[in-house]
Amino acid sequence: MADFIVPSTDAGCRLQGPIHSKRHVRVICIGAGASGLLLAYKLQRYFSNFSLTVYEKNPEVSGTWWENRYPGCACDVPSHNYTWSFEPKLDWSAVYASSREIFQYFNDFARKYALHKYVKVQRQVIGAYWNHQKGGYNVTIKDLQSSQEISDHCDVLINASGVLNNWRWPAIPDLDKYKGTLLHTANWDDNVNLAGRHVGLIGNGSSGIQVLPTIQPKVDKVTTFIREPTWVSPVQGLEQHVFSDQERFEFATKPGVLLEYRRNVERSLNGLFGIFLKGTTTNNETEAYMKSQMQEKLHNPYLEEHLIPSWHVGCRRLTPGVGYLEALGKENVEVVYGEITRITERGCVCDNGNEYPVDILICATGFDTSFKPRFPIVAPNGKNLQDVWKEEAQSYLGVAAAEFPNYLIFLGPNCPIGNGPVLSAIECQADYMLKLIDRFQTHNISQFSPKKEAIADFIAHKDQFMQNTVWNDPCRSWYKGRPDGPVTALWPGSTLHYIEAMMEVRMDDWEVKYNGNRFAWLGNGRSQTELDPTADWAFYIREKDDDEPLSRGRKLQIINRSGTMSRNVGTNFIGKSDAEEDQSIGPRI
């Protein structure tokens with residue numbers, strides 16, 4: 001059956017066609033990283049009568065995994081579970097794969113499903129402005145090859161630029177005066193040779209933790225500048241491991257072997273959430289275990305005093321620091337603890353008054369994680385989201401902003417970026433967005449945006465929940481703008497909790513405006529079924545009731561395969577599983 005095409009500007013034309021006629025919908029997506037590629041895949045798979053353009057500032061797709069090439073760069077999630085749930089990779093080299101392998105996974109995904117045809121590379125979005133005549137957004141794009149600006153228009157704008165994408169130099173005075181080689185981990189120069197040089201390394205976040213043990217054996221000396229303590233320990237049961245030829249052969253050829261391996265790892269990752277809840281046995285005993293592991297590997301009273309935090313495990317992002325603690329004790333590694341007060345032509349001056357000259361200075365200092373867009377997004381009322389989110393970013397369930405209609409966000413404020421498996425959360429965000437787009441396409445909707453009061457209630461619930469989590473501790477973390485500030489980066493619950501929350505679109509939380517009569521979608525009285533000559537016009541006549549369950553609880557039992565597991569056990573740090581915390585967690589939250 002051919003789609004009855006409804007002009008997007010004339011909902012009255014719906015009266016000429018059957019119920020739920022599909023009007024053409026024009027989608028622009030910003031960014032061709034993991035999220036943007038998934039959106040393109042799902043739109044292509046499930047939708048018709050649409051057009052999609054994905055604008056990507058880099059020369060290739062895959063986002064952060066194309067950009068990040070620093071020594072030791074790898075994902076801190078086991079590689080077989082850093083894939084889409086439906087798209088396994090059979091030949092990962094190790095449990096924690098390199099950024100190059102991860103780039104190849106997403107690039108291969110794009111090629112397999114012919115997604116490159118939607119992507120325009122080296123095109124950077126620099127502004128989006130509501131069009132009062134046509135609705136939707138006028139989008140301004142800069143061609144990074146010619147420096148020319150071009151314009152485009154969309155009905156729905158989706159921001160998939162990512163939260164860890166806008167890298168920044170550290171805010172240290174006189175950084176521009178340094179005469180040596182200056183590098184940032186997110187803007188790495190492959191032509192720089194570190195061998196035999198004296199290297200300075202600023203930062204002990206995820207990137208710094210990966211860089212140090214990788215470069216330490218190659219350089220003459222490393223002076224690493226650390227201003228914050230941090231918890232570092234391999235996750236027991238998920239340590240680094242290079243897969244053997246036999247393991248990869250079995251993953252590729254034996255039915256069910258890789259699937260069960262992936263499920264077991266995912267169960268373990270989802271079993272980690274109890275670590276983040278203050279006062280639970282899981283959190284307390286995990287912290288004691290990690291402290292003993294750090295003391296054993298550091299074996300240095302000075303380093304133990306300055307590197308082991310006073311705040312709870314998990315307040316900052318947990319990083320499996322393979323070899324990092326051991327590297328700090330090597331003869332060619334100098335640890336300088338404290339603030340860098342300024343940069344000189346030769347190196348760093350610290351708050352102890354000493355200058356530390358280095359040949360090469362590596363800044364592993366991260367990104368702008370404020371969630372404020374890096375370009376203006378202007379709503380119908382003239383407000384710019386950059387201004388609205390200047391002090392605190394507040395979203396609806398991590399995917400939308402009040403008063404900014406037809407604008408959706410991947411990995412927005414307060415979604416599970418650090419609560420558990422992140423790609424699973426991205427998948428459910430894509431599904432949620434496509435449910436909204438489907439409704440927009442099959443109804444005469446002109447605008448949809450979350451209600452301000454819905455966001456206010458969500459933020460109030462989130463802030464109350466966070467009081468009982470380790471994220472609320474006074475640590476310096478990109479999860480929040482300041483040590484005593486509200487937690488803006490994380491979801492108030494586990495990743496599994498988020499997946500369930502996002503299964504259904506609560507339209508009562510959304511402000512919806514229509515073109516003309518809201519019931520124009522009923523059309524000319526004919527159904528889609530009776531206009532399809534290949535459809536069964538008596539599809540509802542059956543011998544037994546095989547309908548999908550009507551209750552949310554029964555639907556969930558079918559989706560989550562309830563009854564198929566004897567007992568779920570989370571990651572085992574010290575001999576107990578998170579399942580043993582179930583009774584104590586409930587009353588605390």
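- Using the six-membered ring where Trp is involved, Trp167 and Trp169 have ring planes that are perpendicular, over 60° apart on the 30 and 60° scheme.
- Counting heavy atoms of neighbouring residues, nucleotides and ligands inside a 6.0 Å radius, atom NZ of Lys142 does not exceed 12 of them.
- Under the 6.0 Å cut-off for aromatic ring centres, Tyr105 and Tyr82 do not qualify, their centroids lying 6.0 Å or more apart.
- Ring pair Tyr41/Tyr113 is perpendicular by interplanar angle, where above 60° counts as perpendicular and below 30° as parallel.
- A salt bridge links Arg317 with Asp76: the distance from a Lys NZ or Arg NE/NH1/NH2 to an Asp or Glu carboxylate oxygen falls below 4.0 Å.
- Taking all atoms of both residues into account, the shortest heavy-atom contact from Ile102 to Cys75 is CD1-CB, 3.3 Å.
- Annotation for Gln557: atom CD counts as buried by contact number, over 12 foreign heavy atoms lying within 6.0 Å.
- Put simply, the side chain of Ser79 gets close to the backbone of Ala94: a donor and an acceptor are under 3.5 Å apart.
- Contact of the Leu182 side chain with the Cys363 side chain is registered, since non-hydrogen atoms from C-beta on lie closer than 4.5 Å.
- In this structure, the separation between CD1 on Ile126 and CD on Glu149 is 3.5 Å, given to the nearest 0.5 Å.
- Seen from the ring of Trp66, Arg69 counts as a face-on cation partner, given the 6.0 Å and 45° thresholds.
- The heavy-atom pair separating Glu56 from Val119 by the smallest distance is CB-CG1, 4.1 Å.
- Side chains of Asn515 and Ser446 form a contact here, defined as non-hydrogen atoms less than 4.5 Å apart.
- Using a 4.5 Å heavy-atom threshold, the side chains of Asn81 and Pro421 count as separate.
- Here Phe448 and His443 keep their ring centres 6.0 angstrom or further from each other.
- Annotation: side chain of Arg552 is not in contact with side chain of Met503 (no heavy-atom distance under 4.5 Å).
- Considering only heavy atoms from C-beta on, Asn107 comes within 4.5 Å of Val61 through its side chain.
- The line from OG of Ser161 to CZ of Phe410 is 11.5 Å long, rounded to the nearest 0.5 Å.
- Here the side chains of Ser424 and Glu266 are in contact, with some heavy-atom distance below 4.5 Å.
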Quick one: do Gln429 and Ser35 satisfy side-chain hydrogen bond (donor to acceptor under 3.5 Å, both in side chains)? Show the steps, please.
-> CA-CA 9 Å; Gln429 287 185 335; Ser35 302; 5.8 Å; no
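- The side-chain tip of Arg14 does not point at the ring of Phe519 from less than 6.0 angstrom away and within 45° of straight on.
- Pro88 and Arg262 make their closest contact through CB-NH1, 3.6 Å (heavy atoms, listed as atom of the first residue, atom of the second, distance).
- With values rounded to the nearest 0.5 angstrom, Ser395 atom OG is found 9.0 Å from Lys462 atom NZ.
- Partner of Met433 under the side-chain contact (heavy atoms from CB on, under 4.5 Å) criterion, chosen from Leu43, Asp438, Leu408, Val156: Leu408.
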Evaluate the criterion side chain to side chain contact (heavy atoms under 4.5 Å, CB included) for residue pair Leu490 and Phe276; output intermediate values, then yes/no.
-> CA-CA 11 Å; Leu490 299 173; Phe276 304 121; over 6 Å; no
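- Exactly one residue among Gln104, Lys112, Arg111 makes a side-chain hydrogen bond (donor to acceptor under 3.5 Å, both in side chains) with Asp108. That residue is Gln104.
- Here the straight-line distance linking atom CD1 of Ile30 with atom CD1 of Ile377 works out to 5.5 Å at 0.5 Å rounding.
- Around the NZ atom of Lys435, the shell of radius 6.0 Å holds more than 12 heavy atoms that belong to other residues, nucleotides or ligands.
- No side-chain donor-acceptor contact under 3.5 Å links Glu427 to the backbone of Ile499.
- Aromatic ring pairs are classed by plane angle as parallel below 30°, tilted from 30° to 60° and perpendicular above 60°; the pair Tyr479 and Trp471 is perpendicular.
- Taking 4.0 Å as the cut-off between side-chain N and carboxylate O, Lys555 and Glu500 do not count as a salt-bridged pair.
- Listed for the Asn414 side chain is no donor-acceptor partner under 3.5 Å among the backbone atoms of Gly398.
- Across Leu434 and Phe47, no two heavy atoms sit closer than the pair O-CZ, 3.3 Å.
- Ring orientation note: the planes of His497 and Trp491 are tilted relative to one another, at an angle of 30° to 60°.
- The minimum heavy-atom distance linking Ala401 with Leu385 is given by the pair CB-CD1, 4.1 Å.
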Quick one: do Arg482 and Glu392 satisfy salt bridge (Lys or Arg N to Asp or Glu O under 4.0 Å)? Show the steps, please.
-> CA-CA 11 Å; Arg482 58 184 191 275; Glu392 179 185 349; over 6 Å; no
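- Rounding to the nearest 0.5 Å places CD of Gln124 at 11.0 Å from CD1 of Ile141.
- Nearest heavy atom pair, residue Ile275 against residue Val470, reads O-CG1, 4.0 Å.
- Side chains of Met466 and Pro486 form no contact here, defined as non-hydrogen atoms less than 4.5 Å apart.
- Around the CD atom of Gln148, the shell of radius 6.0 Å holds no more than 12 heavy atoms that belong to other residues, nucleotides or ligands.
- Side-chain contact between Val422 and Val77: absent, with no pair of heavy atoms (C-beta onward) separated by less than 4.5 Å.
- Interatomic distance, CG of Leu37 versus SG of Cys29, reported as 8.5 Å (0.5 Å rounding).
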Go through the steps for Glu60 and Asn58 under the test side-chain hydrogen bond (donor to acceptor under 3.5 Å, both in side chains), then give the verdict.
-> CA-CA 5 Å; Glu60 297 191 50; Asn58 292 322; over 6 Å; no
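- Around atom CZ of Arg374, more than 12 heavy atoms belonging to other residues, nucleotides or ligands sit under 6.0 Å away.
- Other residues, nucleotides and ligands place more than 12 heavy atoms under 6.0 Å from the CZ atom of Arg100.
- Counting heavy atoms of neighbouring residues, nucleotides and ligands inside a 6.0 Å radius, atom CD of Gln464 does not exceed 12 of them.
- Ring-plane geometry between Tyr432 and Tyr396 is classed as tilted, the angle between the planes lying from 30 to 60 degrees on a 0 to 90 degree scale.
- Taking the six-membered ring where tryptophan is involved, the planes of Tyr261 and Phe251 are tilted, since the angle between them lies from 30° to 60°.
- Partner of Pro380 under the side-chain contact (heavy atoms from CB on, under 4.5 Å) criterion, chosen from Trp130, Tyr129, Phe404: Trp130.
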